[in-house]
Protein chains: 2
Amino acid sequence: MTRMTPARPVPLPERPQLGLRERKKIKTRMAIREATYTLIKEQGYDATTIEQIAERAEVSPSTVFRYFPTKEDIVLTDEYDPILLAELRKRPADEPWMESLRYVVRLAIGAATEEDPEVVRLRSHLLVQVPAVRSRMLESMSVTGRMLGEAIAERTGMAQDSFEVRVFTMSLIGGLAEISLYWAEHDFKDDLQDLLDRALDVIEHGLPAKNT
Amino acid sequence: MTRMTPARPVPLPERPQLGLRERKKIKTRMAIREATYTLIKEQGYDATTIEQIAERAEVSPSTVFRYFPTKEDIVLTDEYDPILLAELRKRPADEPWMESLRYVVRLAIGAATEEDPEVVRLRSHLLVQVPAVRSRMLESMSVTGRMLGEAIAERTGMAQDSFEVRVFTMSLIGGLAEISLYWAEHDFKDDLQDLLDRALDVIEHGLPAKNT
DNA sequence: CCATGAAATGAGAGGTGCTATCAAAAGAAT
DNA sequence: ATTCTTTTGATAGCACCTCTCATTTCATGG
């Protein structure tokens, strides 16, 4: 049913003509991430120190902090935001904007799971277990929400910094965040896209009313 | 001398017959809070260390941590939650539950502003300025949200751990959190209760549609 | 190919939040 | 006044994170 795979998930940019420096930077960035993931899988989040990460990634602790401002960021930083926004602006202007939203968030989830399903699960798991990660995630999503808010404001013709838009987007962020939490707490049994659809229904129409 | 007179359960203050220990605990708790507030007003949040707080509150740093698990908690911990829940359960069963919600949240805001308006503003200010405080606040509100979720589930007859209820409550939390942010960012010009009403309208009915 | 300039790295020191332990002090109970 | 319990303070210690500075590594122009 959810077999609608959009053809090209993430445009992997600029393989060619990158200076040696840039390539190395990408490499160490990935090395730090990988090291962090495996260490966390081995010993858990809290037990994993920056020093250990640095050691396994074969860099100095200083370098780790140069690449990631906080320990939580190593786990959950992603740069989907600009792509997401661009994708949203690409949608036809006559499409109901809530549909555009649905499409684009679905796209993001699809891209992430396609790229590395295990990491997606690990992150959701950490989201449930580690408050600091959860907090950082909400912060990060808030930023994304602000961006979405601008786009939504454009579409609806409302003021950019309108209170209503801001409330809606933050409300959206909250609801979306809950998806991951619920998913992880129920052992990843549900289909993420299904949950997303149900969540957006709730956000759009409120709770399926059994009474007023 | 300590004759046990029939206790009169006044809702608000357990003023009477508290042991010296309990009274002292409340006192130091307040002392730590006050010290923190004044210090923050003087030098800002980050520049204020636990050591300084301890010194001004005339306790040891250890004691500060005994009373508040984290520095952020000193600023924003409140114990409205149980009252809020009780108040919600007191509402007539035939009242539309969204109205009950509106009433009870309005009640909470009213109580807080009545108790100490300046502190309410300071906290909103910190919410905007200090990411750690903002994060901690969202965490705290999430817990409150869970409780509200249970109550809402009762009212709507939905399952307690229903995905839809959880999404709705977290969405609610997000929207409510935005109220404080907007309020502070716009120099506290708006009326909080007004903002609350508008926010709940958005959460209930979605964005006021100018098109689809 | 080498010299110069720029960027990334590593090493070290230091500050702060926070935890854990344990002995001393203060309140409660007999 | 005595025990008993709770609360406190002092100390040590760990981990996250910042800052600075010398060293290494890449880029560039002769």
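Computed over heavy atoms, backbone and side chain alike; hydrogens, waters and symmetry mates excluded. Please read all numbers here as calculations on a predicted model, not as lab measurements. Every chain is numbered from 1 and lettered A, B, ... according to where its sequence line falls, protein lines coming before strand lines.
The distance from atom CD of A:Q43 to atom P of D:dA15 is 11 Å, rounded to the nearest whole Å. Residue A:L20 contributes atom CG, which lies 14 Å from atom C1' of D:dT24 at whole-angstrom precision. The CD-C1' distance, from B:E51 to C:dT16, rounds to 9 Å in whole Å. Residue B:D46 contributes atom CG, which lies 12 Å from atom C1' of C:dG17 at whole-angstrom precision. Residue B:R66 contributes atom CZ, which lies 10 Å from atom P of D:dT7 at whole-angstrom precision. At whole-Å resolution of the value, CD in A:E58 and C1' in C:dT9 are 14 Å apart. Taking atom CZ of residue B:R29 and atom P of nucleotide D:dT8, one finds them 12 Å apart after rounding to whole Å. Straight-line distance from the CG atom of A:L39 to the P atom of D:dA15: 14 Å, rounded to whole Å.
Within the 4.0 Å cut-off from OP1 or OP2 of C:dA8, not a single side-chain nitrogen or oxygen of A:Y67 is found. Proximity of B:K24 to the phosphate of D:dT7: no side-chain N or O atom is located under 4.0 Å from OP1 or OP2.
Atom OG1 of residue A:T38 and atom CD of residue A:Q52 lie 10.5 Å apart, to the nearest 0.5 angstrom. For the atom pair CD (A:E99) and CG (A:L101), the distance works out to 9.5 Å, reported to the nearest 0.5 Å.
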Provide a list of protein-nucleic acid N or O atom pairs under 3.5 angstrom, restricted to nucleotides 17-19 of chain D.
residue : atom : partner : partner atom : Å
D:dC17  : OP2  : A:K71   : N            : 2.8

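Between B:E22 and B:T48, the residue whose closest nucleotide on DNA chain C is further toward the 5' end is B:T48.
Using a 3.5 Å distance cut-off with no hydrogens or angles, the side chains of B:R155 and B:S100 do pair a donor with an acceptor.
Looking at A:K41 and A:E118, a side-chain N of the basic residue comes within less than 4.0 Å of a carboxylate O on the acidic one, giving a salt bridge. Using a 4.0 Å cut-off between a side-chain N of Lys or Arg and a carboxylate O of Asp or Glu, B:E34 and B:R29 do not qualify as a salt bridge.
Relative ring orientation between B:H125 and B:F188 is described as tilted, the plane-to-plane angle lying within the 30° to 60° band.
Geometrically, B:K71 engages B:Y45 in a cation-pi contact defined by less than 6.0 Å to the ring centre and at most 45° from the axis.
Side chain of A:T63, nearest nucleotide from D:dT5, C:dT9, D:dA27: C:dT9.
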